[in-house]
Amino acid sequence: MSGLAGKTVLLTGAAGGIGEAIARGFAREGARLALVDFDAARGLALRDALRAEGAEAHFAQADVSTYAACEQAHGELTAALGGIDILVNNVGISPKTQGRALRVWEMPPAEWDQVVAVNLNSAFYMARLCSPHMVAQRFGRVVNMSSVAGKAYCDIVAAHYAATKSALLGLTRHWAAELGEFDVTVNGLAPGRISTPLLKSVPQEINDAVARVTALRRLGTPEEVADACLFFASDEARFVTGQVLDVAGGWLMT
């Protein structure tokens, strides 16, 4: 991918399976990394591993469900790296109770509020913080991590997850229109079932059932999501904006 070397990337949810793959992908292309995650131990370990491999990487611990925490993390990272050229709103949570998603009459309001704050509000907070620099320099890239569950019914997630991922699709289109005149592109990714460490807590029969109804007959890898993310951030996608790309192997095709 061209045009990524020397660019500064702010990545939320950096220490998760998909987040780490995205971070490593940008590092291979010579980008400078501003990593954000709630898990300080894993975030610092990733930062140190990337530095050992020659990348310029910085980490800020943050609970991105609050604007104050996002503002503090953004301040720390831009003080070290300068303005953000590429924002990847990757963070996302999908709580389960005893291995299953709760239905509407079972769900505690506090759980709904938490998922909305982490999955959706954080994307607005980070875009609000990063976009002024992009507008001023007349260049920027924003990639929002949605999900196929935001486009079609998926019974293995709950309504809060589906609602936030659907909302990210609307934000992607709206921000693309708002920011386009400043040469800032905004696109989204809709992963399907991706083989991350999180799936180890899911019964194998569930993952096997998803694989059987996926056109490619397998789960995806974090690296396959990362490749799509790097494309949207690269010069190759400079005339692509307001789009959402399924990275799902043909699962839940709409």
### Query
Taking atom CG of Leu179 and atom CZ of Arg138, what is their separation to the nearest 0.5 Å?
11.0 Å

### Heavy-atom closest contact (Gly192 atom, Val148 atom, distance)
CA-CG2, 3.8 Å

### Query
Just by modelled atom types, is the Ala5 backbone N or O under 3.5 Å from a matching donor or acceptor in the Glu29 side chain?
no

### Message
Is there a side-chain contact between Val142 and Cys130 in this structure, where contact means two heavy atoms from C-beta onward sitting under 4.5 Å apart?
### Response
no

### Query
Between Val186 and Asn144, is any pair of side-chain heavy atoms under 4.5 Å apart?
yes

### Message
Whether the side chain of Arg51 engages the backbone of His58 through a donor-acceptor N/O pair (distance < 3.5 Å, no angle test) should be reported.
### Response
no

### Summary
Nearest heavy-atom approach of Arg42 to Ala15 is NH2-O, 2.6 Å

### Message
Check whether Glu236 reaches the backbone of Ser2 with its side chain - one donor and one acceptor, N or O, closer than 3.5 Å.
### Response
yes

### Query
So do the side chains of Thr214 and Arg193 get within less than 4.5 Å of each other, counting heavy atoms only?
no

### Query
If you take all heavy atoms of Pro95 and His160, which pair is closest and at what distance?
CD-CE1, 3.9 Å

## Note on the structure
Between the OH atom in Tyr125 and the CG atom in Leu120, the distance rounded to the nearest 0.5 Å is 9.0 Å

### Task
Applying side chain to side chain contact (heavy atoms under 4.5 Å, CB included), run through Val184 and Ser131 and close with a yes or a no.
CA-CA 9 Å; Val184 177; Ser131 59; over 6 Å; no

### Query
Are Cys70 and Val64 side-chain neighbours, meaning at least one heavy-atom pair lies under 4.5 Å?
yes

### Non-hydrogen side-chain atoms of Asn90 and Ile18 separated by less than 4.5 Å
yes

### Task
Could you state whether Met126 and Phe182 fall into the same hydrophobic cluster, counting links through intermediate Ile, Leu, Val, Met, Phe, Trp or Tyr residues with side-chain heavy atoms under 4.5 angstrom apart?
yes

### Query
Does any non-hydrogen side-chain atom of Asn119 lie less than 4.5 Å from one of Tyr161?
yes

### Message
If hydrophobic clusters are built from ILVMFWY residues whose side chains come within less than 4.5 Å, do Phe38 and Leu77 share one?
### Response
no

### Message
Please check if the number of heavy atoms outside Arg218 that lie under 6.0 Å from its CZ is greater than 12.
### Response
yes

### Query
Is there a path from Val247 to Val240 through hydrophobic residues (I, L, V, M, F, W, Y) whose side chains come within less than 4.5 Å of each other?
yes

### Task
Give the C-alpha distance, both sets of side-chain angles, the deciding distance and a yes or no for salt bridge (charged side-chain N to carboxylate O under 4.0 Å, His left out) between Glu223 and Arg24.
CA-CA 9 Å; Glu223 290 74 21; Arg24 290 187 177 280; over 6 Å; no

### Message
Keeping Lys165 on the side-chain end and Met145 on the backbone end, is there a donor-acceptor pair under 3.5 Å?
### Response
yes

### Arg238 (side chain) donor-acceptor with Asp235 (main chain) under 3.5 angstrom
yes

### Message
Let me confirm one number: the CZ-CG distance from Arg173 to Leu168, rounded to the nearest 0.5 Å.
### Response
11.0 Å

### Task
Decide side chain to side chain contact (heavy atoms under 4.5 Å, CB included) for Val118 and Val91; before the verdict, give the C-alpha distance in whole Å, the side-chain angles of both, and the deciding distance to 0.1 Å.
CA-CA 7 Å; Val118 172; Val91 67; 3.9 Å; yes

### Query
At what distance, to the nearest 0.5 angstrom, does CG of Leu35 lie from CD1 of Ile22?
11.0 Å

### Message
I'd like to know if the side chain of Asn187 reaches the main chain of Gln243, judged simply by a donor and an acceptor atom lying under 3.5 Å from each other, with no hydrogens or angles considered.
### Response
yes

## Note on the structure
Paired with Phe26, the side chain to side chain contact (heavy atoms under 4.5 Å, CB included) test is passed by just one of Thr8, Leu50, Val88, namely Val88

### Query
Is the side chain of Glu106 donor-acceptor paired with the backbone N or O of Arg103 at a distance under 3.5 Å, no angle test?
yes

### Message
Given 3.5 Å as the limit, does a donor-acceptor pair link the side chain of Gln137 with the main chain of Phe139, or not?
### Response
yes

### Query
Got a second to check how far Asp63's CG is from Gln72's CD, nearest 0.5 Å?
11.5 Å

### Query
Would a 4.5 Å heavy-atom cut-off, applied to side chains only, mark Leu189 and Val225 as touching?
yes

### Task
Kindly work out whether a path of hydrophobic side-chain contacts (I/L/V/M/F/W/Y, heavy atoms less than 4.5 Å apart) joins Ile156 to Leu219.
yes

### Task
Give the minimum heavy-atom separation between Lys96 and Ala101, together with the two atoms involved.
CD-N, 3.6 Å

### Query
Stepwise, does the side chain to side chain contact (heavy atoms under 4.5 Å, CB included) test hold for Leu129 with Tyr67?
CA-CA 10 Å; Leu129 291 162; Tyr67 183 72; 3.3 Å; yes

## Note on the structure
One should read off an interatomic distance between Asp246 CG and Ser147 OG, to the nearest 0.5 angstrom, of 9.0 Å

### Donor-acceptor under 3.5 Å (Arg47 side chain, Phe59 main chain)
no

### Check against side chain to side chain contact (heavy atoms under 4.5 Å, CB included), Glu178 and Trp175
CA-CA 5 Å; Glu178 283 189 348; Trp175 289 345; 3.8 Å; yes

### Task
State plainly whether one hydrophobic cluster holds both Leu102 and Val157, where clusters connect Ile, Leu, Val, Met, Phe, Trp and Tyr through side-chain heavy atoms under 4.5 angstrom apart.
no

### Query
So, do Met134 and Leu87 sit near enough that their side-chain heavy atoms are less than 4.5 Å apart?
yes

